[in-house]
Amino acid sequence: MAALVELRDVVKHFPVGRSLGEIVRGKHPAVRALDGVSFDVGSGDAVAVVGESGCGKTTLGRLMLKLVEPTAGSIAFDGTALAGLAGESLRGFRRQAQLVFQNPFDALNPRFTIYRAVAEPLLNAGIDKSEHMDRVASAFRRVHLPDLDRYLDKYPHQLSGGQLQRVVLARALVLAPRFLVADEPVSMLDVSVRAGILALMREIRDAMGLSAIYISHDLALVRYLCERTLVMYLGRIVEDGPTREIVRRPLHPYTRALVAAVPVPDADQLRQPLPIKGNVPDAREPPSGCSFRDRCPYAMPRCSAETPQLRPAAGGHHVACHLD
Amino acid sequence: MILEVDGLEIHYDTRAGGAREVVRAVDGASFAVPEGRIVGLVGESGCGKTTAVRAIMGVLAENGRQAGGRVVFKGEALDEAATRKLRWRDIAYVPQSAMSSLDPVYTVGAQLVEVLTKRGNESGRAARARAAELFDLVGLSESRLADYPHQFSGGMRQRAAIAMALALKPSLLLADEPVTALDVIVQRQILDMLRDLQQRLKLSMVLVTHDISVVAYLCDDVVVMYAGQVIESGPVREVLARPRHPYTMGLRNAFPDLMSDALELVPISGSPPDLSDPPPGCRFAPRCPFALSACMTGSAMVARGSDRTHLSACLRDDEADLLRKAALDPATWLRSSNFATS
């Protein structure tokens, strides 16, 4: 099946403030938020993007929605390059690709009623007002807020976190999109409520045949959402594979450290020392070759000379590492 | 016991739409911290865990007051004057946002020295020596004392915040969500450091968190709070492996576990009660799949238990083993969803 979203060698650099020395020497330092990322999202697929803060995962999501432009490389949606979209074709793309915000408490305008918040995308897309109520009602049914009248005239502060996150989802679904990018969609919610939202997102995806990207720092959570996971480190994908495989048999030394560091709710767990050293290096000046090499317990001379590319490995993984 | 909290009641006076209201943020909470142990105080937002430690520390918000109960530290019941004397010297506190509350215009070292001279009345010279010692203790290089907060990573700022709390050599450390905003690898490094500090300095610790995985990794004992009350407490291994209160059972099911084979998390439907007007009886009863009509009346249960270490505040505690088995079935938790939507 053809991919819905295709990324090829996508690079995104953000210029940063220059020091006096850098100005004198004519240097233009940049944070390399993304440094050559390629992958496909198939129709109906759910892909998790995990990594620590600063790894580029949020930038990746924003690029896929054309909220920022890549420095180099190409992104295509349904066979059409995003770079060429403008006017009506851009509006068409905006209807089909939606963002689900991280923090439901910030995502809605506090002075808009719930109805206005959910109907706003319809207004922006130029859909006739006579259709708004029906579409809002159907989006509310999808997120299991059936008694519409209880919510529509309320304001965000009158709703609980779980209800708000359902409203944020309804707003993302009201245009019946084909592609969702959800950036940490449940990280602000309490545990007992979070589980319900995760189940809801899976149900919606299956029912609407959506493709989705879930961006998260939490490997333990995405396990319940996505069959496939990409692990990012300093602007690159270091491992890509079936989520279960990545959790059970991580191949890249960074993924191994990440999996080992995730705490589990079991007091009898093995407490092994972390197989990693130091901290994430400065994204303005990552190490040459493999950017993980100075923290890697297995680093060898080749790792500083040659940047490892993603290659197929056991268990359906792809891994960017020189180790066999 | 280095610390005993006995029937603690903390009320906040608020105005909701002009009407005066009293929010019972902590409503009869009792728990104890044995010497040299790390106790996890766990629960969801609004359960009263942060208010409880702020009350122990004597740093409640202005509209908060202790309406009942007592806090006993090393055998002495604390009043305001006693708390002020002990604060920072014997009982120290790492507030929730400590790592982001460092002053951006002073070096981290200057801020640490200020803590030592102002709170500890140390001379400048002694304070500078002690600051270097403290940095070493929390795994920061002495040379970083001259850095400004923006030159520190999140993990380093959290280490600095912990160094400040430990400045006057307290015997009890209260830490509120010390690893919450950190990435997992940094989180693990800070948790390992806390355990190491506890052992080297013979500290006792209370760790406030919403994360039962953090409790499982670090803590010896756990106190589970719900709607201002302690509903279960005991040794971590016991409570997580054999929870006796239905809320703890539900929390266990709802919590992601990287290593389990389960494909679904099971939510607890509904939401916690309004603490300005809490329901009679057990506060979890409206969300509990095992609630009987007797659970919805009378006053709330106080945690109890036959072995005196693992306590649970449930009317059906005698049937805990049966309930735990039923709680493992996701269908059990669908039943209570008739009452409310979260």
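On a predicted model such as this, the values are computed, not experimentally measured, just so you know. Hydrogens, waters and symmetry mates play no part in the numbers below; they use all other heavy atoms, side chains included.
- For A:D190, the parts sitting under 4.5 Å from any heavy atom of chain B are the backbone and the side chain alike.
- Within 6.0 Å of CD in B:Q199 there are more than 12 heavy atoms belonging to other residues, nucleotides or ligands.
- Both the backbone and the side chain of A:A257 come within contact range of chain B, each with at least one heavy atom under 4.5 Å from a heavy atom of that chain.
- Of the residues considered (A:V280, A:V262, A:L274), A:L274 shows the highest number of contacts with chain B, using heavy-atom pairs under 4.5 Å.
- Contact count against chain B (heavy-atom pairs under 4.5 Å) is highest for A:Q269 among A:R194, A:Q269, A:H217.
- Residue contact with chain B, scored on non-hydrogen atoms closer than 4.5 Å, involves the side chain of A:I276 exclusively.
- When the candidates B:H210, B:R188, B:R252, B:M259 are compared by the number of heavy-atom contacts under 4.5 Å with chain A, B:R188 comes out ahead.
- For the set A:R248, A:R244, A:Q165, the entry with the most heavy-atom pairs within less than 4.5 Å of chain B is A:R248.
- The local environment of CD in B:E142 is sparse, with at most 12 non-hydrogen atoms from other residues, nucleotides or ligands closer than 6.0 Å.
- The pair A:R202-A:D206 fails the salt-bridge criterion, with no side-chain N (NZ, NE, NH1 or NH2) lying under 4.0 Å from an Asp/Glu carboxylate O.
- No other option in A:A267, A:P273, A:P265 has as many heavy-atom pairs under 4.5 Å with chain B as A:P265.
- Looking at B:L240, the atoms closer than 4.5 Å to chain A (heavy atoms on both sides) all sit in the side chain, from C-beta outward.
- Judged purely by atom type and a 3.5 angstrom limit, B:K49 has no side-chain atom pairing as donor or acceptor with the backbone of B:V208.
- Ranked by non-hydrogen atom pairs under 4.5 Å with chain A, the options B:G154, B:C219, B:G155, B:P267 are led by B:P267.
- No close placement of the B:H245 and B:Y226 rings is indicated, their centers lying 6.0 Å or farther apart.
- Counting non-hydrogen atoms of neighbouring residues, nucleotides and ligands closer than 6.0 angstrom, the CZ atom of A:R284 reaches no more than 12 such neighbours.
- The part of A:L198 that comes within reach of chain B is its side chain, from C-beta onward, which places non-hydrogen atoms under 4.5 angstrom from that chain.
- For the pair A:R271 and B:Y217, the cation-pi test (distance below 6.0 Å, angle within 45°) is passed.
- Counting heavy-atom pairs under 4.5 Å between each of B:P235, B:A262, B:A241 and chain A puts B:A262 at the top.
- A salt bridge does not link A:R223 to A:E245: none of the charged nitrogens lies less than 4.0 Å from a carboxylate oxygen.
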